[in-house]
Amino acid sequence: HAKSSGRGRHVVFDRKMHEQAVGRLEMESALARAVVNREFHVVYQPVIVTESGELAGMEALVRWRSGTGDALIPPDEFIPVAEETGIIVEIGNWMLDHVCQQLAAWRKQFPEYPDLWCSINISKIQCEQPGLLSAIVDALARHHLQSHVLKLEITESAIMHDMNRIIPMLEELRALGIQVAMDDFGTGYSSLASLRRFPIDILKIDRSFVQNIDRCRTYSAIVAAIATLAQNLNMAVVAEGIETTGQLAQIQTLDCDYVQGYLLCKPMPGEQFESWLRERRSEADKATSNVRFTS
Ligand code: C2E
Ligand code: MG
Ligand code: MG
Ligand code: MG
């Protein structure tokens with residue numbers, strides 16, 4: 001009896017592995033078609049100045065609505081497959097061009113934000129491509145953008161994965177005036193001491209720390225230490241994934257330059273982000289005309 005149930009389990013296990021492999025293959029070919037069929041779009045999440053509540057810039061995030069279904073497939077599911085097949089390079093180049101075009105349009109349309117910037121996530125596979133730098137420079141030139149308005153986000157684990165190759169590349173980017181943010185900081189096993197060796201301008205503290213900050217003193221102590229260290233290394237600090245007013249209140253007591261999270265704003269498709277910008281403008285207009293009227 002034990003033997004047969006053992007065999008049964010074995011069969012189930014095989015079938016599950018088979019299903020996973022088929023699912024993987026299906027996703028690989030669906031992704032290849034997605035590039036051709038332009039199934040990607042971009043959502044933008046505001047990054048807010050902690051002290052003033054002003055808009056500083058935004059982060060661009062890719063979205064994929066697969067042609068075979070209506071469902072959005074989350075990046076955490078398809079980016080690893082796109083990385084393994086190399087399709088991430090094409091997706092990344094599409095993102096670069098699309099985001100630069102959008103940013104150029106918004107900068108013209110909203111002159112009240114002369115410093116508006118956008119950051120874009122870069123995969124470790126893109127970093128291994130010799131063409132990455134020129135792809136970035138070309139995209140900026142094509143849309144007449146200065147280099148300081150585009151920022152690149154690279155995860156701590158990507159940098160740790162291939163430090164000797166990535167650090168010189170980050171230095172080149174920096175020489176071109178393109179700022180680099182280290183994303184998901186705290187999850188990549190670099191030591192605090194090694195931070196000083198990374199040529200980065202911005203540190204994004206991972207949401208797993210931020211989200212525990214109002215529940216647990218250990219987390220707030222860790223975030224406070226990271227923020228202080230980063231400030232001393234001349235990096236700007238972003239707290240990611242703020243969902244509650246308690247978390248925001250805690251962050252406001254620390255030296256964090258920027259905040260980002262669902263509490264402040266969810267990522268929005270381009271058209272929605274644009275109306276959000278317009279609404280802020282008309283609110284600002286109302287505020288100034290009130291001042292003029294009453295004085
Ligand atoms: P990330 O770069 O750390 O982006 C932040 C993620 O947290 C986004 O998830 C965003 O929607 C989500 N988020 C923002 N605020 C909150 C919050 O308050 N609470 C919670 N729970 N989540 C929040 P998303 O868009 O699903 O992206 C997941 C990851 O996929 C990104 O993490 C990034 O590593 C990767 N990714 C997204 N777009 C791209 C892309 O265009 N290229 C590459 N290479 N990777 C991308
Ligand atoms: Mg990011
Ligand atoms: Mg992150
Ligand atoms: Mg600072």
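- Cluster membership check: Leu72 does not share its hydrophobic cluster with Leu31, using side-chain heavy-atom separations under 4.5 Å among Ile, Leu, Val, Met, Phe, Trp and Tyr.
- Closest non-hydrogen pair, Ile159 versus Ile166, comes out as CA-CD1, 4.1 Å.
- Between Ser190 and Met160, the shortest heavy-atom contact is CB-SD, 3.2 Å.
- Here the straight-line distance linking atom CD1 of Ile91 with atom CD of Glu39 works out to 10.5 Å at 0.5 Å rounding.
- Residues Leu176 and Ile136 form no side-chain contact, since every pair of their non-hydrogen atoms from C-beta on lies 4.5 Å or further apart.
- Contact annotation: the side chain of Leu254 never approaches that of Val237 to less than 4.5 Å [non-hydrogen atoms, C-beta and beyond].
- Note on Glu112 versus Arg280: no salt bridge recorded, every NZ/NE/NH1/NH2 to OD/OE distance being 4.0 Å or above.
- Shortest non-hydrogen contact noted between Leu140 and Gln146 is CD2-O, 4.0 Å.
- When side chains are defined from C-beta on, Glu156 does not count as touching Tyr189, because their heavy atoms never get closer than 4.5 Å.
- Between Trp117 and Tyr258, the ring-plane angle classifies as perpendicular under the 30° and 60° cut-offs.
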Criterion side chain to side chain contact (heavy atoms under 4.5 Å, CB included) on His143 and Leu103, from CA distance to verdict:
CA-CA 9 Å; His143 301 288; Leu103 180 61; over 6 Å; no

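- In this structure, CG in Asp138 is found 10.0 Å from CG in Leu133, a value given to the nearest 0.5 Å.
- Atom CD1 of Ile251 is separated from atom OG1 of Thr50 by 8.0 Å, given to the nearest 0.5 angstrom.
- Under a 3.5 Å cut-off, the side chain of Glu90 and the backbone N or O of Val35 do not form any donor-acceptor pair.
- The hydrophobic cluster containing Leu61, built from Ile/Leu/Val/Met/Phe/Trp/Tyr side-chain heavy atoms closer than 4.5 Å, also comprises Val43.
- Trp64 and Leu25 are members of different hydrophobic clusters when ILVMFWY side chains are connected at heavy-atom separations under 4.5 Å.
- The side-chain contact (heavy atoms from CB on, under 4.5 Å) test with Val238 is passed by exactly one of Ile202, Val210, Asp257, Leu203: Ile202.
- A side-chain donor from one of Glu83 and Ser123 sits under 3.5 Å from a side-chain acceptor of the other.
- Here the side chains of Ile79 and Asn121 are not in contact, with every heavy-atom distance at 4.5 Å or above.
- The neighbour count for Tyr219 OH, taken as heavy atoms of other residues, nucleotides or ligands under 6.0 Å away, does not exceed 12.
- For the residue pair Asp115/His148, the side-chain donor-acceptor check at 3.5 Å is not satisfied.
- At least one side-chain heavy atom of Gln247 sits under 4.5 Å from a side-chain heavy atom of Glu243.
- Atom CD of Gln252 is surrounded by more than 12 heavy atoms from other residues, nucleotides or ligands within 6.0 Å.
- Side-chain contact between Leu229 and Met235 is absent, with no heavy-atom pair separated by less than 4.5 Å.
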Verdict with supporting geometry, Leu150 and Leu145, side chain to side chain contact (heavy atoms under 4.5 Å, CB included):
CA-CA 8 Å; Leu150 184 72; Leu145 287 171; 6.0 Å; no

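- In this structure, the ring of Tyr44 has its center no less than 6.0 angstrom from the ring center of Trp276.
- Under the 4.5 Å side-chain criterion, counting only non-hydrogen atoms from C-beta, Tyr262 is in contact with Gln45.
- With contacts defined as side-chain heavy-atom distances shorter than 4.5 Å, the pair Lys124/Asp162 does not qualify.
- Between Tyr113 and Arg107, the shortest heavy-atom distance links the atoms O-NH1, 4.5 Å.
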